[in-house]
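Order of listing sets the numbers, starting from 1, for every ligand and every atom in it.
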Amino acid sequence: MRSKRIFFTPLLVLVLCSGCAVALYKPTAEHVSPDTTLEELVEGRRLYVSNCSSCHALRLPEKYDEETWRKEIDEMGQRAELDQDTKALILKYLLHAPRHP
Ligand code: HEC
């Protein structure tokens with residue numbers, strides 16, 4: 001019995017962690033404002049997950065205010081070697097996060 005638990009614990013950790021990205025809100029029509037479309041937000045989320053999780057855990061969009069994200073996306077965009085379009089889409093996604101008080 002004991003050896004079974006040793007086997008399953010890492011498995012459980014793995015399963016729980018693959019759910020991490022789920023905490024990042026998924027854009028819906030209610031997040032869309034005049035300066036963006038749903039497609040852009042969906043693409044921004046995809047780019048954020050694929051470009052920004054290789055060196056550290058993804059930060060939740062609501063963690064920083066707009067000014068901080070603008071600064072971070074410039075610094076981190078350099079590290080991740082992103083072009084302007086990719087940075088702009090990621091920034092759109094980050095700034096349209098539902099803000100939890
Ligand atoms: C090449 C590695 C690398 C990539 C790719 C990368 N980062 Fe970072 N990032 C770092 C390092 C190193 C730090 C500082 C150490 C830490 O906080 O983990 C950091 C810190 C941060 C912080 C916290 C800054 C603070 O003051 O607390 C944010 C926010 C951030 N990154 C966002 C991003 C975003 C958005 C992307 C995608 C565009 C990204 N990172 C991609 C290496 C990277």
Side-chain angles (χ1 to χ4, degrees):
M1 278 318 270
R2 212 181 135 71
S3 61
K4 234 183 195 168
R5 197 174 303 148
I6 288 168
F7 174 75
F8 276 115
T9 305
L11 200 72
L12 188 71
V13 168
L14 208 77
V15 169
L16 288 177
C17 256
S18 63
C20 290
V22 174
L24 289 173
Y25 81 101
K26 290 222 168 64
T28 64
E30 68 181 290
H31 303 120
V32 174
S33 62
D35 61 334
T36 190
T37 64
L38 185 55
E39 289 71 27
E40 285 178 329
L41 294 181
V42 169
E43 182 64 0
R45 184 185 192 277
R46 191 187 66 76
L47 290 168
Y48 180 48
V49 173
S50 61
N51 288 298
C52 303
S53 59
S54 50
C55 302
H56 51 69
L58 290 170
R59 269 67 171 181
L60 290 181
E62 59 267 33
K63 188 169 176 203
Y64 302 101
D65 60 17
E66 176 167 352
E67 195 190 335
T68 310
W69 271 127
R70 286 190 186 281
K71 195 170 67 72
E72 287 300 331
I73 206 78
D74 270 338
E75 284 178 26
M76 292 295 145
Q78 265 177 0
R79 290 192 197 239
E81 297 175 354
L82 304 180
D83 59 32
Q84 289 299 334
D85 291 350
T86 307
K87 284 199 292 186
L89 283 169
I90 294 176
L91 195 60
K92 274 194 179 184
Y93 169 73
L94 293 170
L95 296 184
H96 283 78
R99 305 270 153 179
H100 303 295

Counting only N and O atoms by type, is there a donor-acceptor contact under 3.5 Å from the side chain of [X] to the main-chain atoms of [Y]?
{"X": "E81", "Y": "Q78", "answer": "no"}
{"X": "W69", "Y": "L91", "answer": "no"}
{"X": "S53", "Y": "V49", "answer": "yes"}
{"X": "R46", "Y": "L41", "answer": "no"}

Distance flag for atom 15 (C) of ligand 1, protein heavy atom under 4.0 Å: no

Among all protein heavy atoms, pick the one closest to [atom] and tell me residue, atom and distance.
{"atom": "atom 1 (C) of ligand 1", "value": "C55 SG, 2.8 Å"}
{"atom": "atom 38 (C) of ligand 1", "value": "C52 SG, 2.7 Å"}
{"atom": "atom 28 (C) of ligand 1", "value": "E72 OE1, 3.6 Å"}
{"atom": "atom 27 (O) of ligand 1", "value": "Y64 OH, 3.5 Å"}

The one among M76, R79, Q78, R59 that brings a heavy atom closest to atom 33 (C) of ligand 1: M76

Point-to-point distance, once rounded to the nearest 0.5 Å, from NZ of K63 to OG1 of T68: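 Atom-to-atom, K63:NZ and T68:OG1 are 10.5 Å apart.
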
I need the atoms of ligand 1 closer than 4.0 Å to a non-hydrogen atom of [X], numbered in the order shown.
{"X": "S54", "answer": "5 (C)"}
{"X": "N51", "answer": "5 (C)"}
{"X": "L82", "answer": "38 (C)"}
{"X": "A80", "answer": "5 (C)"}
{"X": "Y48", "answer": "35 (C)"}

R70: which of E67, E72, E66 passes salt bridge (charged side-chain N to carboxylate O under 4.0 Å, His left out): E66

Salt-bridge contact E75-R79 (side-chain N to carboxylate O under 4.0 Å):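 No salt bridge links E75 with R79.
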
Closest H56 atom to atom 8 (Fe) of ligand 1 [N, O or S only]: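 Going through the N, O and S atoms of H56 one by one, NE2 ends up nearest to atom 8 (Fe) of ligand 1.
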
Ring centre gap for H31 and Y93 strictly below 6.0 Å: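 Judged by ring-centre distance (under 6.0 Å), H31 and Y93 do not meet the cut-off.
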
